[in-house]
Amino acid sequence: MKPSRHTIAVEGPLDLPLTVTCGQAFRWQRVAVDAVAGKAASGEAAETWSGVVEGAEVRAVARQGELQVDCLGRDPGRDAIVRYFRLDENPESHLTHAPELRAIPGFTGLLGMRLLRQEPWETLVSFICSAASNVRKISGGVEGMAERWGDPIAGSDRRAFPSPERLAAVRERDLRALGIGFRAPYVLGTARRLARDPWDWGALRRAPIEEARATLQALPGVGPKVADCVLLFGLDRLDTYPVDRWIRRATLELTSRRSARDEDLERWSRSLGPSRGYLQQILFHLRRTGGPLPSIAGLHAVTRTPRARRRKAS
DNA sequence: TCCTCTCCTTGCTT
DNA sequence: AAAGCAAGGAGAG
């Protein structure tokens, strides 16, 4: 089968390697590095990355304001690629509600790190596996599930991510064999629930944020952080602010605090505007690869919020 | 109700 | 080489 090619103009900056390796997606692999004519001498090269989008293998190269994509298997179509890579919007548009972040050294240089619009089911499993883990191990688990139980892709040696029904039928020890450890029963439990009662992801995408979070958190292995990651990376909800250990440190530093509940840090993040999830991803990378962040306190206060919520059903 | 502590796997890093 | 660490969650106390 001949791959179908899409060449798409990119609105604003795009750093493809960073976008697919920064910890939001786990199935991207670098397959080649091509020297760019005229830039090879300066050491610049365009990397080709392979991923799986909507059941097709996608091979992508970014160069001079455009993204070139070859699709193997059933072509998901140009619009799907635009959607997935968020090529239809300029990342700059997400900074308008929080111009003070522009002053953080290195921040604007990371605007090419785009938030992908990924598939919710794969995102859910990926972030259940992310608990107290690292990108490399998460990738091993997720890719291993696809290799063992995913449908093959015509003309490709890669496989689609397995459905909830498929994973629900898997033995726990076979999941553990992929190295995901104590997260295996969580993945299995969640797969069985969704296999029994499939979710209307579209409805969840449009639901009030607190309702969507509560729905996700009812699943085994899904707490506040994982739920927010699924909303942000899998359901196109930029109005979330997943608080993990790095974002906790970053946010405490930005607000000049020694400690605060995660819930209060999330609440403070609302002052960053409706695209705070986009900014979160940049702060995450900035804090993890760099050092402490400068304070931007005084502009917004951290307020402690009254608490009243439910427990998770067994 | 809320907070804190511990355990849960594994493999790479210091 | 033993301990620390890594996009947390669940259960106990």
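Each chain gets a letter, A, B and so on, in the order the sequences are listed, and its residues count up from 1. Side-chain atoms are counted along with the backbone in the values below, which use heavy atoms only and exclude waters and symmetry mates.
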* Structure fact -> Separation of C/dG9 atom P from A/Leu219 atom CG, nearest Å, is 12 Å
* Structure fact -> Which of C/dA7, C/dG8, B/dC12 is nearest the side chain of A/Phe233? It is C/dA7
* Rounded distance (Å) that lies between atom P of B/dT13 and atom CZ of A/Arg288 -> 14 Å
* Structure fact -> Separation of C/dG8 atom P from A/Tyr186 atom OH, nearest Å, is 13 Å
* Structure fact -> pair_partner(C/dA7), Watson-Crick or wobble, both distances < 3.5 Å, evaluates to none
* d(CD1, A/Ile138; C1', C/dG9) in whole Å -> 14 Å
* Inter-nucleotide P distance (C/dA12, B/dT9), Å rounded -> 16 Å
* **Beyond-backbone contact of A/Thr251 with A/Arg257, side-chain heavy atoms, under 4.5 angstrom** => no
* Asked: Which of these nucleotides, C/dG8, C/dA7, B/dC12, is closest to any side-chain atom of A/Arg136?
  -> B/dC12
* Asked: Does A/Arg183 make a side-chain N or O approach to OP1 or OP2 of B/dT9 shorter than 4.0 Å?
  -> no
* To do: Verify the stacking flag for A/Phe284 against C/dA7: centroid separation must be under 5.5 angstrom and the ring planes must differ by under 30 degrees.
  => yes
* Pairwise C1' distance, C/dA10 and B/dG11 [rounded to whole Å] -> 23 Å
* Watson-Crick or G-U counterpart of C/dA2, or none if no pair lies under 3.5 Å -> B/dT14
* To do: With the side chain of A/Arg176 defined as its heavy atoms from C-beta on, choose the nearest nucleotide among B/dC3, C/dA7, B/dT9.
  => B/dT9
* Asked: Atom CD of A/Gln281 to atom P of C/dA7: distance rounded to whole Å?
  -> 12 Å
* Asked: Could you give the CD1-to-P distance, from A/Ile180 to C/dG9, as a whole number of Å?
  -> 15 Å
* **Nucleotide nearest A/Phe26 (side chain, heavy atoms from C-beta), chosen from C/dA7, B/dC3, C/dG9** => C/dA7
* Asked: Is it true that A/Trp28 and A/Phe85 have ring centroids separated by less than 6.0 Å?
  -> yes
* Using the P atoms only, state how far B/dC2 lies from C/dG8, rounded to an integer number of Å. => 24 Å
* Parallel, tilted or perpendicular: which describes the rings of A/His94 and A/Tyr278, with under 30° parallel and over 60° perpendicular? -> parallel
* Evaluate the criterion side chain to side chain contact (heavy atoms under 4.5 Å, CB included) for residue pair A/Leu254 and A/Leu283; output intermediate values, then yes/no. => CA-CA 10 Å; A/Leu254 289 174; A/Leu283 289 172; 4.0 Å; yes
* Which listed nucleotide (C/dA6, C/dA10, B/dC3) is nearest to the side chain of A/Asn134? -> C/dA6
* Atom-to-atom span, CZ of A/Phe127 to C1' of C/dG8 - whole angstrom -> 12 Å
* State whether A/Arg245 places a side-chain N or O below 4.0 Å from either non-bridging phosphate oxygen (OP1 or OP2) of C/dA6. => yes
* Asked: Using purine N1 to pyrimidine N3 plus N6-O4 or O6-N4 for Watson-Crick, or N1-O2 and O6-N3 for G-U wobble, both under 3.5 Å, which nucleotide pairs with B/dT4?
  -> C/dA12
* Structure fact -> For B/dT9, the nucleotide meeting Watson-Crick or G-U wobble distances (both under 3.5 Å) is none
* Asked: Would the A/Tyr241 and A/Phe284 ring centres measure less than 6.0 Å apart?
  -> no
* To do: Please report, rounded to the nearest Å, how far the P atom of C/dG8 is from the CD1 atom of A/Ile247.
  => 12 Å
* Taking the C1' atom of each, how far is C/dA7 from B/dT4, in whole Å? -> 22 Å
* Can you name the one residue among A/Arg158, A/Arg159, A/Arg148 that meets side chain to side chain donor-acceptor pair (under 3.5 Å) with A/Glu143? -> A/Arg158
